[in-house]
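No hydrogens, no waters, no symmetry mates; every other heavy atom, side chains included, goes into these values. Not measured: the values here are computed from a predicted model.
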Amino acid sequence: MKTTVFLGALTVAGLAAGAAGAATLDDVKARGTLNCGVSTGLVGFAAPDDNGEWSGFDVSLCRAVAAAVLGDPTAVEFVPTTGKTRFTALASGEVDMLARNTTWTFSRDVDLKFTFTGVNYYDGQGFMVPKALGVSSAKELDGATVCIQTGTTTELNLADFFRVNNMSYEPVPIETNAEAQQQFLASACDVYTTDASGLAATRATFETPGDFIILPEIISKEPLGPLVRHGDDEWGDIVTWTLNALVAAEELGVTSANAKDMASAATDNPEINRLLGTEGSLGEMLGLGNDWALMAITAGGNYGEIFEKNIGENTPIGLARGLNAQYTDGGLLYTPPFR
């Protein structure tokens, strides 16, 4: 098993090294579309509707990057990927970036030769169980069967948690969230474990969500964010600073509704002016037009707008901002200056 994992890592690293020789920005511009890797379907984060139209928290980042680079938030080809296929899709050049609930870890950054361009959701692994199971803590799960997605950090976290607490479990391996939901509802497993945000999103789709509870324990740190291939810093900068622009816009009070007005009549705040391209040449530094951030913000709103629309407390998913609030509100969101 260890040999297989090691060889798999070498394969992905080799693909990444080969694909990094191409300038992704040039490829995206020549193609006229951004190929964005997303999950196979997680409501609120990335999921297609009946007409095949994708929406969600992660989808909005793809659209913001497309708007910044191509001036068109609809110029995106969404490529569904599983926990197993996502890294190969990025390394081979099938996708230009991943925006699909991927945890930033040392080995993924260094050994697999990827560059994480920031954190767009601070999360942690949790557990969901039927109320009928009669437990109120993850420490009461000794002997449970657990549905768990393969090729994810949750596998190792689960093993560590049960080992530390001297408990045993029987894994029920699944590849997609849809499969996990099916197995869990069919009672093929007692517990479903994944990122707490994913549990909330999944529970929101159940016919009777009140019949299921998310246990209080959070057993890991899961900084989720977009990633690109090593070796193409120009493209990495674009994805990094597009995410930063959405975060900064919320902090500075720039919204999808007022951004164009602020850009047409320069404000008294020089950082807002630089962000929106009415002062300085930040766009030129990225190889983009000076309105790149303006286009990204008007595509779907600033970070707060995107959060509230897709996964916030007034949606069926009902997530509070928590760690994902601005630093001025006690959260972890903090962007470097635009200067």
Side-chain angles (χ1 to χ4, degrees), residues 16 19-39 45-46 54 56-79 81 86-87 89-105 108-109 112-122 223-250 275 277 282-303 306 333-336 338:
T24 308
L25 176 59
D26 292 341
D27 289 346
V28 172
K29 285 182 174 180
R31 190 190 309 129
T33 56
L34 170 73
N35 292 337
C36 199
V38 292
S39 70
F45 285 88
W54 285 81
F57 181 79
D58 293 326
V59 164
S60 295
L61 180 58
C62 300
R63 295 199 186 281
V65 173
V69 174
L70 300 169
D72 182 0
T74 68
V76 185
E77 182 71 27
F78 293 100
V79 181
T81 62
R86 56 185 163 174
F87 298 132
L90 179 59
S92 67
E94 181 184 356
V95 298
D96 305 307
M97 60 179 285
L98 281 181
R100 47 105 50 235
N101 302 79
T102 298
T103 302
W104 189 346
T105 70
R108 289 171 176 178
D109 193 316
L112 297 189
K113 307 302 181 188
F114 295 128
T115 296
F116 283 80
T117 60
V119 176
N120 71 330
Y121 194 93
Y122 292 92
L224 308 176
L227 56 155
V228 298
R229 292 177 290 274
H230 268 192
D232 193 344
D233 289 351
E234 180 182 32
W235 180 246
D237 286 343
I238 288 170
V239 179
T240 295
W241 285 96
T242 299
L243 173 57
N244 286 343
L246 301 180
V247 174
E250 181 185 18
L275 175 68
L282 300 187
E284 182 181 343
M285 296 178 193
L286 287 171
L288 303 176
N290 252 19
D291 64 349
W292 65 279
L294 173 63
M295 298 299 294
I297 295 162
T298 55
N302 62 36
Y303 180 92
I306 291 170
L333 293 192
Y334 183 103
T335 180
F338 279 75

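Note that CG of Leu98 and CZ of Phe114 are 7.0 Å apart. Values are rounded to the nearest 0.5 Å. Taking CG from Leu227 and CZ from Phe116, the interatomic distance works out to 4.5 Å, rounded to the nearest 0.5 Å. The line from CZ of Arg100 to OG1 of Thr81 is 4.0 Å long, rounded to the nearest 0.5 Å. Here the straight-line distance linking atom OG1 of Thr240 with atom CG of Asp233 works out to 9.5 Å at 0.5 Å rounding. Separation of atoms OG (Ser60) and CD1 (Ile306) is listed at 4.5 Å; rounding is to 0.5 Å. Considering CG of Leu282 and CG of Asp291, their distance stands at 12.5 Å, rounded to 0.5 Å.
Summarising the geometry of Leu288 relative to Ala68, their closest heavy-atom pair is CD1-O, 3.9 Å, with the distance given to 0.1 Å. Residue Asp96 comes nearest to Thr33 through the heavy atom pair OD2-O, 4.3 Å, listed as atom of the first residue, atom of the second, then distance. The two residues Arg63 and Ala299 make their nearest non-hydrogen contact at O-CB, 4.2 Å. When all heavy atoms of Gly71 and Met295 are compared, the closest pair comes out as O-CE, 3.4 Å. Considering every non-hydrogen atom in both Thr117 and Gly236, the closest pair reads CG2-O, 3.7 Å. Considering all non-hydrogen atoms of both residues, Ile297 and Leu275 come closest at CD1-CD2, 4.1 Å.
In this structure, the side chains of Val79 and Cys36 stay at 4.5 Å or more apart for every pair of heavy atoms. Side-chain contact between Asp58 and Asn101 is present, with heavy atoms from C-beta onward closer than 4.5 Å. Side chains of Ser39 and Phe45 form no contact here, defined as non-hydrogen atoms less than 4.5 Å apart. Between Trp292 and Thr242, some side-chain heavy-atom pair lies under the 4.5 Å cut-off. Leu34 places none of its side-chain heavy atoms less than 4.5 Å from the side chain of Val95. Contact annotation: the side chain of Asn35 never approaches that of Glu94 to less than 4.5 Å [non-hydrogen atoms, C-beta and beyond]. Under the 4.5 Å side-chain criterion, counting only non-hydrogen atoms from C-beta, Thr115 is not in contact with Asp232. Between Thr103 and Arg108, the closest side-chain pair of non-hydrogen atoms falls below 4.5 Å.
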(request) For side-chain contact (heavy atoms from CB on, under 4.5 Å), just list the numbers for Met285 and Trp241, CA-CA rounded to whole Å, side-chain angles, deciding distance to a tenth of an Å, and then say yes or no. (result) CA-CA 11 Å; Met285 296 178 193; Trp241 285 96; over 6 Å; no

(request) Output, in order, the C-alpha distance, side-chain angles, deciding distance and verdict of side-chain contact (heavy atoms from CB on, under 4.5 Å) for Trp235 and Arg229. (result) CA-CA 9 Å; Trp235 180 246; Arg229 292 177 290 274; 5.8 Å; no

(request) Test Leu224 against Thr102 for side-chain contact (heavy atoms from CB on, under 4.5 Å), laying out the working first. (result) CA-CA 5 Å; Leu224 308 176; Thr102 298; 5.9 Å; no

(message) Would Thr335 and Leu243 count as a side-chain contact (heavy atoms from CB on, under 4.5 Å) here? Give the steps.
(response) CA-CA 9 Å; Thr335 180; Leu243 173 57; over 6 Å; no

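A donor-acceptor distance shorter than 3.5 angstrom exists from the side chain of His230 to the backbone of Asp109, with no hydrogens or angles considered.
Phe57 and Tyr303 have their aromatic ring centers within a separation under 6.0 angstrom.
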